[in-house]
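Following: one structure in structure tokens, then a few remarks.
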Amino acid sequence: MRREVVRELGGRFPQSSEALQSLPGIGRYTAAAIASIAFAEPVAVVDGNVERVLQRVTGAQLHFVRNLEPGGEIPEPFSSR
């Protein structure tokens, strides 16, 4: 990953969740965690286990919003029973 940052990104570490996912070995969860903690990007860190627990507790099929732009609107319906 270090080489990609230096060679392809001019030594500048990506600061958005979307840009972080372009680095090898960084998936959706890790990118969201880095972006939210290190760069204060308003992205939720929700893994598959949390999604399953929430669905079982609520009895609803939840539709998680992924890659919502800051200030973007959450589509309706967010969840359905």
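Residues T30 and L20 are not in side-chain contact: their nearest non-hydrogen atoms beyond the backbone lie 4.5 Å or more apart. Side chains of E41 and Q15 form no contact here, defined as non-hydrogen atoms less than 4.5 Å apart.
Partners of S22 under the side-chain contact (heavy atoms from CB on, under 4.5 Å) rule, at least two apart in sequence or in another chain, do not exist in this structure. With sequence neighbours left out, the side-chain contact (heavy atoms from CB on, under 4.5 Å) criterion links A32 to S17, V43, V45. By the side-chain contact (heavy atoms from CB on, under 4.5 Å) test, A19 pairs with P14, S16, sequence neighbours left out.
Under the 4.5 Å side-chain heavy-atom criterion for grouping Ile, Leu, Val, Met, Phe, Trp and Tyr, V6 is not connected to L9 through any hydrophobic cluster. A single hydrophobic cluster is seen to contain both V5 and I26, as judged by linkage of ILVMFWY side chains at heavy-atom distances under 4.5 Å, directly or through other members.
When all heavy atoms of G27 and Q21 are compared, the closest pair comes out as O-CG, 3.9 Å.
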